[in-house]
Amino acid sequence: MYRSLQKEFHRRTVALASAAHQLKTPLAILNGYANMMMAEKLGPLTSKQREALQEMQSTRLRLQHFIEDFLNYGAIATGNLKLRIRNNDLSPCLNEVCEIWLPRFQEKLVALYRLEGPEIDPFPFDFYKVQHVVSNLLHNALKFTPSKGTVWILAEPYYWDRRVGAATLKVRKERRRRSLASANSVRVTVCDTGPGISPEYHLEIFEDFSRAMHAHAGNASGTGLGLAVARSLVHAHGGKIWVESEPGAGSKFLFLLPLKPETEEEKSA
């Protein structure tokens, strides 16, 4: 019975991923024409036409995000996720994502700040998969941050003691105050001034198709895949992701990326 259900789940997941993939080409064509029209290469625009095109671009971004989530989820669920690990610079990776999302934030009157932390040398990671993680976190922050709110993102070198359990993360501050020279990972933080999340939901929101946070914030929109996909992509890099939040105090999503691949000895420790 279990194998039958597992096989059916696999079949449906592959079908969904295939359908999502087929949408990428027509979406790219629509985007190309929309960009030409916005640049007035097909003639001048009235103010109402420009507003309609801007709304179309916003809708296109939401659809593209939805498709990318399903493609990544399909690859994760079927065990076909492949990372293109190369020595990359994290700064342009994050800057590009922020530039893409900035118009959406401006449209909702939410401030988006890309804070500058200490310089981080290039290290091995999948450029586009990390962009997708950050994009999902920004999408989540924008969804729950009210107008005139603030979202900021920061990347910084970090000392990650892998031997420390999750329950003791907050009490090992001294080890994390070591010099930047001893950093073995990068910590990326996405912080918002939204409604916050109750502690009982801190683990559940990263589960597949979770609606815990939507219900908590009175918002049932979305697929419930964004944070689950982000978690899987971070874990695929050998990293860690979590949230620090409480009701009325906003939310801080953090994830760690190791500066070098974890050895087999470290994995088994």
Side-chain angles (χ1 to χ4, degrees), residues 2 5-21 23-24 61-84 93-94 97 100-101 125-145 151 153 166 169 187-192 194-245 251-258:
Y2 174 76
L5 289 173
Q6 192 176 41
K7 186 176 181 180
E8 178 63 15
F9 172 77
H10 183 277
R11 186 186 67 80
R12 293 189 180 188
T13 300
V14 170
L16 280 171
S18 177
H21 184 76
L23 288 171
K24 291 186 71 175
L61 182 60
R62 285 195 293 270
L63 180 57
Q64 180 179 336
H65 193 79
F66 174 83
I67 289 171
E68 291 299 328
D69 265 348
F70 263 105
L71 287 175
N72 277 302
Y73 180 75
I76 292 164
T78 56
N80 293 319
L81 178 66
K82 293 180 175 62
L83 298 182
R84 294 173 59 86
C93 174
L94 299 181
V97 178
I100 291 171
W101 279 94
F125 66 92
D126 186 312
F127 192 92
Y128 296 108
K129 290 295 190 291
V130 169
Q131 281 196 331
H132 194 76
V133 172
V134 176
S135 184
N136 281 11
L137 295 181
L138 289 177
H139 177 262
N140 187 76
L142 178 61
K143 182 187 300 183
F144 295 105
T145 302
V151 173
I153 180 170
L169 281 174
R187 181 175 67 179
V188 179
T189 304
V190 176
C191 189
D192 67 60
I197 309 165
S198 296
E200 61 264 30
Y201 294 125
H202 285 189
L203 294 178
E204 187 178 345
I205 59 174
F206 290 102
E207 297 300 323
D208 300 348
F209 301 102
S210 173
R211 291 300 183 90
M213 190 156 63
H214 298 123
H216 177 66
N219 185 337
S221 63
T223 62
L225 280 178
L227 293 179
V229 168
R231 178 195 60 181
S232 294
L233 294 179
V234 169
H235 286 180
H237 279 82
K240 178 182 179 63
I241 186 169
W242 73 98
V243 63
E244 296 175 0
S245 180
S251 300
K252 183 186 292 186
F253 284 85
L254 310 97
F255 67 91
L256 302 177
L257 296 174

With sequence neighbours excluded, what pairs up with Ser245 under the side-chain hydrogen bond (donor to acceptor under 3.5 Å, both in side chains) test? Ser251

Quick check: closest heavy atoms across Gly226 and Asn136, and the distance to 0.1 Å? O-ND2, 2.8 Å

Measure across Lys240 and Val234 and return the closest heavy-atom pair with its distance rounded to 0.1 Å. N-CG1, 3.3 Å

Checking Leu256 against Trp242 for the side chain to side chain contact (heavy atoms under 4.5 Å, CB included) test, could you report, in this order, the C-alpha distance in whole Å, the side-chain angles of both residues, the deciding distance, and whether it holds? CA-CA 9 Å; Leu256 302 177; Trp242 73 98; 3.7 Å; yes

Sorted by chain and number, sequence neighbours left out, ring pair (Phe, Tyr, Trp, His ring centres under 6.0 Å) with Phe125 holds for Phe123

Atom CD1 of Ile205 and atom CZ of Arg231: how far apart are they, to the nearest 0.5 Å? 10.5 Å

Enclosure of Leu203 CG (heavy-atom neighbours >12, cutoff 6.0 Å): no

A quick test of your reading: do over 12 heavy atoms of other residues, nucleotides or ligands sit less than 6.0 Å from CZ of Phe127? yes

Got a second to check how far Leu233's CG is from Ile241's CD1, nearest 0.5 Å? 9.0 Å

Reported CD-to-CG distance for the pair Glu244 and Leu254, which is rounded to 0.5 angstrom: 5.0 Å

Provide the closest heavy-atom pair for Val190 versus Ala141 in the form atom of the first, atom of the second, distance. CG1-CB, 4.4 Å

Check the pair Phe206, Val243 against side chain to side chain contact (heavy atoms under 4.5 Å, CB included), reporting the backbone distance first and the verdict last. CA-CA 10 Å; Phe206 290 102; Val243 63; 4.2 Å; yes

Shortest non-hydrogen pair, Lys129 vs Lys82, comes out as NZ-O, 4.0 Å

Only counting residues at least two apart or in another chain, list the ones meeting side-chain contact (heavy atoms from CB on, under 4.5 Å) with Val97. Trp101, Gln131, Val134, Ser135, Leu138

Side-chain (Asp192) to main-chain (Val151) donor-acceptor, under 3.5 angstrom: no

With side-chain contact (heavy atoms from CB on, under 4.5 Å) as the test, pick out the partner of Phe253 among Val133, Thr189, Leu137, Ile153. Leu137

Just by modelled atom types, is the Ile197 backbone N or O under 3.5 Å from a matching donor or acceptor in the His202 side chain? yes

